[in-house]
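Count residues from 1 along the sequence.
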Amino acid sequence: MTPIIWLAASKEGGTDWKITLAAASLPALASIIAAVIAARSARVAKKSEIEAQRVRELEERISEKKYDTYKPMIDLFKDALDRQAVDENTHRERISAFATWVAIFGSDEAIKAFHNFMQATYHSAPAPILMRLYADFVLAARRDMGYPDTVVTRKEILGSRITDAHTHPLFVEIDKPFMELCRDMHWTPPWPSAARHGG
(Lines give C-alpha, C1' and ligand atoms only; values in the text may rest on other atoms or scores of the structure.)
Protein backbone atom coordinates (compact mmCIF):
# COMPACT_ATOMS: atom_id res chain seq x y z
CA MET A 1 0.00 0.00 0.00
CA THR A 2 1.50 3.31 -1.05
CA PRO A 3 1.68 6.14 1.45
CA ILE A 4 -1.07 8.04 -0.32
CA ILE A 5 -3.41 5.03 -0.30
CA TRP A 6 -2.51 4.29 3.39
CA LEU A 7 -3.19 7.89 4.33
CA ALA A 8 -6.51 7.83 2.50
CA ALA A 9 -7.43 4.54 4.16
CA SER A 10 -6.55 5.87 7.57
CA LYS A 11 -8.66 8.97 6.95
CA GLU A 12 -11.57 6.82 5.87
CA GLY A 13 -11.13 4.36 8.75
CA GLY A 14 -11.10 7.13 11.38
CA THR A 15 -9.32 5.99 14.54
CA ASP A 16 -8.82 2.35 13.50
CA TRP A 17 -5.14 2.95 12.85
CA LYS A 18 -4.71 4.34 16.38
CA ILE A 19 -6.30 1.23 17.88
CA THR A 20 -4.10 -0.98 15.73
CA LEU A 21 -1.00 0.96 16.76
CA ALA A 22 -1.99 0.86 20.44
CA ALA A 23 -2.70 -2.89 20.28
CA ALA A 24 0.63 -3.49 18.58
CA SER A 25 2.52 -1.51 21.24
CA LEU A 26 0.89 -3.19 24.29
CA PRO A 27 3.20 -6.27 24.35
CA ALA A 28 6.26 -4.02 24.11
CA LEU A 29 4.97 -1.81 26.91
CA ALA A 30 4.16 -4.85 29.07
CA SER A 31 7.70 -6.18 28.48
CA ILE A 32 9.23 -2.88 29.55
CA ILE A 33 7.08 -2.73 32.72
CA ALA A 34 7.91 -6.38 33.53
CA ALA A 35 11.62 -5.67 33.06
CA VAL A 36 11.47 -2.64 35.37
CA ILE A 37 9.57 -4.63 38.04
CA ALA A 38 11.98 -7.57 37.73
CA ALA A 39 15.01 -5.29 38.08
CA ARG A 40 13.50 -3.58 41.12
CA SER A 41 12.57 -6.96 42.67
CA ALA A 42 16.09 -8.24 42.06
CA ARG A 43 17.56 -5.20 43.83
CA VAL A 44 15.19 -5.66 46.79
CA ALA A 45 15.95 -9.40 46.95
CA LYS A 46 19.71 -8.74 46.83
CA LYS A 47 19.41 -6.12 49.56
CA SER A 48 17.34 -8.53 51.70
CA GLU A 49 19.89 -11.30 51.11
CA ILE A 50 22.76 -9.03 52.16
CA GLU A 51 20.84 -7.93 55.27
CA ALA A 52 20.00 -11.56 56.16
CA GLN A 53 23.67 -12.52 55.77
CA ARG A 54 24.70 -9.61 58.01
CA VAL A 55 22.19 -10.71 60.67
CA ARG A 56 23.45 -14.33 60.46
CA GLU A 57 27.06 -13.20 60.89
CA LEU A 58 26.09 -10.99 63.83
CA GLU A 59 24.17 -13.85 65.48
CA GLU A 60 27.18 -16.16 65.01
CA ARG A 61 29.51 -13.62 66.63
CA ILE A 62 27.11 -13.12 69.55
CA SER A 63 26.67 -16.89 69.90
CA GLU A 64 30.45 -17.36 70.07
CA LYS A 65 30.71 -14.57 72.65
CA LYS A 66 27.91 -16.12 74.71
CA TYR A 67 29.74 -19.45 74.69
CA ASP A 68 32.93 -17.71 75.86
CA THR A 69 30.90 -15.87 78.51
CA TYR A 70 29.11 -18.91 79.96
CA LYS A 71 31.91 -21.49 79.78
CA PRO A 72 33.98 -20.35 82.81
CA MET A 73 30.90 -20.20 85.06
CA ILE A 74 29.59 -23.57 83.92
CA ASP A 75 33.11 -24.99 84.48
CA LEU A 76 33.12 -23.51 87.98
CA PHE A 77 29.76 -25.12 88.76
CA LYS A 78 31.02 -28.40 87.34
CA ASP A 79 34.11 -28.29 89.56
CA ALA A 80 31.97 -27.50 92.61
CA LEU A 81 29.55 -30.36 91.89
CA ASP A 82 32.46 -32.73 91.24
CA ARG A 83 33.93 -31.54 94.56
CA GLN A 84 37.15 -30.45 92.88
CA ALA A 85 39.16 -27.91 94.83
CA VAL A 86 39.23 -24.46 93.24
CA ASP A 87 41.46 -21.88 94.90
CA GLU A 88 39.72 -18.77 96.18
CA ASN A 89 41.37 -16.37 93.73
CA THR A 90 40.40 -18.47 90.69
CA HIS A 91 36.88 -18.78 92.07
CA ARG A 92 36.54 -15.00 92.50
CA GLU A 93 38.11 -14.22 89.11
CA ARG A 94 35.73 -16.55 87.27
CA ILE A 95 32.66 -15.19 89.00
CA SER A 96 33.76 -11.57 88.52
CA ALA A 97 34.51 -12.08 84.82
CA PHE A 98 31.24 -13.90 84.28
CA ALA A 99 29.21 -11.25 86.14
CA THR A 100 30.78 -8.56 83.95
CA TRP A 101 30.11 -10.26 80.61
CA VAL A 102 26.73 -11.83 81.35
CA ALA A 103 25.45 -8.33 82.10
CA ILE A 104 26.38 -7.40 78.51
CA PHE A 105 25.65 -10.55 76.52
CA GLY A 106 23.20 -12.48 78.70
CA SER A 107 19.44 -12.52 78.34
CA ASP A 108 17.29 -10.89 81.02
CA GLU A 109 16.32 -14.35 82.25
CA ALA A 110 19.95 -15.47 82.55
CA ILE A 111 20.97 -12.31 84.40
CA LYS A 112 18.10 -12.71 86.87
CA ALA A 113 18.83 -16.43 87.37
CA PHE A 114 22.52 -15.69 88.04
CA HIS A 115 21.57 -12.86 90.40
CA ASN A 116 19.26 -15.15 92.37
CA PHE A 117 21.85 -17.90 92.60
CA MET A 118 24.59 -15.53 93.78
CA GLN A 119 22.30 -13.83 96.31
CA ALA A 120 21.38 -17.25 97.67
CA THR A 121 25.07 -18.13 98.11
CA TYR A 122 25.72 -14.81 99.87
CA HIS A 123 22.82 -15.46 102.27
CA SER A 124 23.57 -19.07 103.24
CA ALA A 125 20.70 -20.71 101.38
CA PRO A 126 20.13 -24.42 102.10
CA ALA A 127 21.43 -26.95 99.56
CA PRO A 128 18.05 -27.62 97.88
CA ILE A 129 17.57 -23.89 97.26
CA LEU A 130 21.06 -23.57 95.79
CA MET A 131 20.53 -26.63 93.59
CA ARG A 132 17.16 -25.31 92.42
CA LEU A 133 18.68 -21.93 91.54
CA TYR A 134 21.66 -23.61 89.86
CA ALA A 135 19.28 -25.64 87.68
CA ASP A 136 17.26 -22.48 86.90
CA PHE A 137 20.47 -20.75 85.83
CA VAL A 138 21.53 -23.64 83.55
CA LEU A 139 18.08 -23.70 81.93
CA ALA A 140 18.23 -19.92 81.39
CA ALA A 141 21.70 -20.30 79.86
CA ARG A 142 20.40 -23.04 77.52
CA ARG A 143 17.57 -20.80 76.34
CA ASP A 144 19.96 -17.89 75.92
CA MET A 145 22.45 -19.88 73.86
CA GLY A 146 20.00 -21.09 71.25
CA TYR A 147 17.48 -23.50 72.76
CA PRO A 148 14.52 -21.22 73.53
CA ASP A 149 12.05 -24.12 73.44
CA THR A 150 14.03 -26.42 75.74
CA VAL A 151 11.90 -28.90 77.66
CA VAL A 152 14.70 -30.25 79.86
CA THR A 153 13.68 -30.34 83.51
CA ARG A 154 15.58 -29.23 86.61
CA LYS A 155 15.86 -32.84 87.76
CA GLU A 156 17.32 -33.83 84.40
CA ILE A 157 19.92 -31.07 84.75
CA LEU A 158 20.75 -32.15 88.31
CA GLY A 159 20.51 -35.86 87.53
CA SER A 160 23.56 -35.67 85.29
CA ARG A 161 25.63 -34.76 88.36
CA ILE A 162 23.75 -36.09 91.40
CA THR A 163 23.11 -39.83 91.65
CA ASP A 164 19.94 -39.58 93.75
CA ALA A 165 18.46 -36.40 92.26
CA HIS A 166 15.12 -38.18 91.73
CA THR A 167 14.92 -39.97 95.07
CA HIS A 168 16.74 -37.99 97.77
CA PRO A 169 14.30 -36.15 100.07
CA LEU A 170 16.19 -32.87 99.52
CA PHE A 171 15.47 -32.94 95.77
CA VAL A 172 12.09 -34.65 95.51
CA GLU A 173 10.17 -31.38 95.63
CA ILE A 174 12.67 -29.15 93.88
CA ASP A 175 10.12 -28.26 91.18
CA LYS A 176 7.46 -26.92 93.55
CA PRO A 177 6.77 -23.17 93.49
CA PHE A 178 9.89 -21.35 94.62
CA MET A 179 8.41 -19.52 97.61
CA GLU A 180 6.83 -22.75 98.82
CA LEU A 181 10.21 -24.48 98.62
CA CYS A 182 11.74 -21.57 100.55
CA ARG A 183 9.09 -21.88 103.27
CA ASP A 184 9.73 -25.62 103.55
CA MET A 185 13.46 -24.90 103.92
CA HIS A 186 12.82 -22.05 106.43
CA TRP A 187 14.76 -19.60 104.25
CA THR A 188 13.70 -16.17 103.00
CA PRO A 189 15.09 -14.91 99.69
CA PRO A 190 16.86 -11.58 100.09
CA TRP A 191 15.60 -10.17 96.78
CA PRO A 192 12.24 -8.37 97.12
CA SER A 193 10.76 -9.58 93.81
CA ALA A 194 10.84 -13.24 94.87
CA ALA A 195 7.56 -13.15 96.78
CA ARG A 196 5.78 -11.23 94.01
CA HIS A 197 7.01 -13.33 91.11
CA GLY A 198 7.55 -16.75 92.64
CA GLY A 199 11.32 -16.68 92.32
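- Checking side-chain atoms of Ser96 against main-chain N and O of Arg92 turns up no donor-acceptor pair under 3.5 Å.
- Looking at heavy atoms from C-beta onward, Thr188 lies out of side-chain contact with His123 at the 4.5 angstrom threshold.
- Rounded to the nearest 0.5 Å, atoms CG (Asp136) and CZ (Arg154) are 4.5 Å apart.
- For His91, there are no ring pair (Phe, Tyr, Trp, His ring centres under 6.0 Å) partners two or more places apart in sequence or in a different chain.
- The shortest non-hydrogen separation linking Ala110 to Ala140 is CA-CB, 3.7 Å.
- Contact between Lys155 and Val172 at its shortest, heavy atoms only, is NZ-O, 2.8 Å.
- When side chains are defined from C-beta on, Cys182 counts as touching Ile129, because their heavy atoms get closer than 4.5 Å.
- Judged by distance alone, with hydrogens and angles left aside, the side-chain atoms of Arg94 form no donor-acceptor pair with the main-chain N or O of Met73 at under 3.5 Å.
- Side-chain atoms of Glu156 come within 3.5 Å of backbone atoms of Thr153 as a donor-acceptor pair (strictly under, hydrogens ignored).
- Here the side chains of Ile95 and Met118 are in contact, with some heavy-atom distance below 4.5 Å.
- Distance check: Glu88 CD to Glu93 CD gives 11.0 Å after rounding to the nearest 0.5 Å.
- A donor-acceptor contact shorter than 3.5 Å links the side chain of His168 to the backbone of Leu170.
- Taking each heavy atom of Asp184 and Glu173 in turn, the nearest pair found is OD2-OE1, 3.9 Å.
- Ser107 and Asp144 make their closest contact through N-OD2, 3.0 Å (heavy atoms, listed as atom of the first residue, atom of the second, distance).
- Phe98 and Phe114 have perpendicular rings, their planes meeting at more than 60° on a 0 to 90° scale where under 30° would count as parallel.
- Looking at Thr150 and Arg143, their side chains never bring a donor and an acceptor atom within 3.5 Å of each other.
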- Task: Just do the side-chain contact (heavy atoms from CB on, under 4.5 Å) check on Trp187 and Leu181 with the steps written out, would you?
- Result: CA-CA 9 Å; Trp187 184 78; Leu181 180 63; over 6 Å; no

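- Scanning all heavy atoms of the two residues, the minimum distance from Met185 to Pro128 falls at SD-CG, 3.6 Å.
- At most 12 heavy atoms of other shown residues, nucleotides or ligands fall within 6.0 angstrom of atom NZ in Lys71.
- Distance check: Ile104 CD1 to Ile111 CD1 gives 8.0 Å after rounding to the nearest 0.5 Å.
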- Show the numbers, then the answer: is there a salt bridge (charged side-chain N to carboxylate O under 4.0 Å, His left out) between Arg132 and Asp175? CA-CA 8 Å; Arg132 158 69 177 263; Asp175 287 321; 5.6 Å; no

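- Taken together through direct or relayed side-chain contacts under 4.5 Å among Ile, Leu, Val, Met, Phe, Trp and Tyr, Trp191 and Phe137 form part of one hydrophobic cluster.
- Two rings, from Phe105 and Tyr70, have their centers 6.0 Å or more apart.
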- Query: Checking side-chain contact (heavy atoms from CB on, under 4.5 Å) for the pair Leu130/Leu133: CA distance, chi angles, key distance, verdict?
  - Reply: CA-CA 5 Å; Leu130 290 172; Leu133 294 174; 5.5 Å; no

- Could you go through the side-chain contact (heavy atoms from CB on, under 4.5 Å) check for Phe171 and Ile162 one step at a time? CA-CA 10 Å; Phe171 302 112; Ile162 300 168; 4.0 Å; yes

- Hey, mind stepping through Tyr134 and Leu158 against side-chain contact (heavy atoms from CB on, under 4.5 Å) and telling me if it holds? CA-CA 9 Å; Tyr134 161 75; Leu158 297 173; 3.7 Å; yes

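- Applying the side chain to side chain contact (heavy atoms under 4.5 Å, CB included) rule to Lys112 yields no partners; only residues at least two apart in sequence or on another chain are considered.
- With a 4.5 Å cut-off on side-chain heavy atoms, His186 and Pro126 do not count as touching.
- When the side chains of ILVMFWY residues are joined at heavy-atom separations under 4.5 Å, either directly or via intervening members, Val138 and Val152 end up in a single hydrophobic cluster.
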